[in-house]
Amino acid sequence: NACIVYSSAGLYNVKLNIEGNDGCVSDTFKQEVTIGTYPVADFKISPSPICPNTAVSFLDTATLLVGTENYWSWDLGNGMKSNEQNPPAQLYNTGIYPVTFIVKSTEGCIDTVEKNIIVEQLLSIDFTTSGACKDLPVQLNAENSYNATGIKKWYWNFGDNNFSGRQNVSHIYTNGGDYNVRLVAEDNNGCITDTISKQLKIYATNAYAGADTTIFINTSYQLNATGGDSYVWSPSSGLSNPFIANPTVNLQNDATYILTALNVAGCSTNDTLHLKVQKGPEIYVPTAFTPNGDGVNDRFKIFPVGIARINAFGIYNRTGQRIYFSLNASEGWDGSLNGIVQPEGTYVWFVTATTFEGKEMKKQGTVVLIR
């Protein structure tokens, strides 16, 4: 049995012959012997930097000039161990974790390396805001309660498809409602914070005083405002109450009112209503109507101004048959007789009335029924 120390690594062809006591020599036995180098243990860690709860991967980067790796041992610093060449990815909390890697070759050469995994401190961010009115600036202020690492960039999502990268922002919402505002930050190490999410209420009013219209002199007409929680009409002249949604108005002359609609947050919008006053005594009668059930001009009505009483309101067809009669000016004819729809065409009407001065008034004419 021979023993030899090789001074350099490499592949060596070893030969052996055996000579017996009788002088006979055996065939030559041959065997290739590998004299390996010592491995240089090393490994890579990704990603960089390492943020909390980010999957950390390990890659064996050991070098071995001669020989073959066949054994690996990892101590991953978090209580986990592995004998795979590249162990499974790991999750770490904030802190410093020593990772030890041992690599050995088939020739029995071994090396060890240790590196520290540094997991960054996750930023703690927040933001402040308060409810506001639509079409007015809303101030949103972000803050970093952990100042050891500076902020590289802020990521605002205002919940209305608008975004910003500044720390403190002023944003205008064009519609009222509830918005989910979200904020994320990236620190100077490249770590991304958890998302901060808060509900923001944007208050809105939409003042509507009604359509411009014609009213009759000395006749009460009810207004109907919408779009707010409280209302103010200006000027107050002619109104039963300028601080409610539906005051009645009684006018002698044309007037224009400005409606201000407000809500609990103090948000307000304005609308304008023009009222034209028809003066009498007179009876205004349309020339046509369309009883088709669409809610517009479905009844043939008369509009008395300065009239104390309607004495008769009748409608006749072309044959002279009376198909409608009433003493109520506001009721109107719906274009039917005893529930039967009457045909299109021209109809004759007459009205007799008494004015506030006690004078009798008579009017007659025609109206066209259109379907």
(message) Quick check on K362: does its NZ atom have over 12 non-hydrogen neighbours (other residues, nucleotides or ligands) under 6.0 Å away?
(response) no

(request) Could you identify which residues cluster with I315, counting Ile, Leu, Val, Met, Phe, Trp and Tyr as linked when any side-chain heavy atoms lie under 4.5 Å apart, either directly or through a chain of such contacts? (result) I283, V285, F289, F300, I302, I307, I310, F313, I323, Y324, W333, L337, Y347, W349, V351, M361, V367, L369

(request) Please list, chain by chain and in numerical order, all residues satisfying disulfide (SG to SG under 2.5 Å) with C109, sequence neighbours excluded. (result) none

(request) Any chance you could measure K276, atom NZ, to I215, atom CD1, to the nearest 0.5 Å? (result) 11.5 Å

(message) Please list all pairs meeting side chain to side chain donor-acceptor pair (under 3.5 Å) that have one or both residues in residues 108-119, counting only residues at least two apart or in different chains.
(response) D42-K115, T100-E114

(message) Checking L64 against E69 for the side chain to side chain contact (heavy atoms under 4.5 Å, CB included) test, could you report, in this order, the C-alpha distance in whole Å, the side-chain angles of both residues, the deciding distance, and whether it holds?
(response) CA-CA 8 Å; L64 181 60; E69 295 181 33; 4.3 Å; yes

(request) Measure the shortest side-chain to side-chain distance between D160 and H171 over non-hydrogen atoms and say whether it is less than 4.5 angstrom. (result) yes

(message) Per the ring-ring contact (aromatic ring centres under 6.0 Å, His included) rule, what does the pair list look like for residues 102-144, sequence neighbours excluded?
(response) F127-W156

(request) Please go through I117's hydrophobic cluster and name the other residues, only I, L, V, M, F, W, Y counting, with side-chain heavy atoms under 4.5 Å joining them. (result) F43, I45, I50, V56, F58, W72, W74, L76, M80, Y92, Y97, V99, F101, V103, V113, V119

(message) Per the disulfide bond (SG atoms under 2.5 Å apart) rule, what does the pair list look like for residues 223-293, sequence neighbours excluded?
(response) C133-C267

(request) Scan residues 19-36 for pairs that pass side chain to side chain donor-acceptor pair (under 3.5 Å), counting only residues two or more places apart or in two chains. (result) N17-T28

(message) Filter on side chain to side chain donor-acceptor pair (under 3.5 Å), then keep only pairs touching residues 299-309, sequence neighbours left out; what's left?
(response) R309-N311, R309-T354

(message) Between N86 (side chain only) and D60 (backbone N and O only), is there a donor and an acceptor less than 3.5 Å apart?
(response) yes

(request) Give me the other members of the hydrophobic cluster that L59 sits in, counting Ile, Leu, Val, Met, Phe, Trp and Tyr linked by side-chain heavy atoms under 4.5 Å, directly or via other members. (result) none

Under 3.5 Å donor-acceptor pairs involving side-chain atoms of residues 135-142, not counting sequence neighbours:
residue, atom, partner, partner atom, Å
Q139, NE2, N141, OD1, 3.0
Q139, NE2, V169, O, 3.3

(message) Suppose we screen for ring-ring contact (aromatic ring centres under 6.0 Å, His included). Which residues come up paired with Y12, at least two apart in sequence or across chains?
(response) Y6

(request) Kindly give the cluster partners of L16, where membership spreads through any ILVMFWY side chain lying under 4.5 Å from a current member. (result) I18, F29

(request) Give a yes or no on whether the backbone of S237 and the side-chain of Y257 come within a donor-acceptor separation of less than 3.5 Å. (result) yes

(message) Tell me whether the count of non-hydrogen atoms from other residues, nucleotides or ligands lying under 6.0 Å of OH in Y38 goes above 12.
(response) no

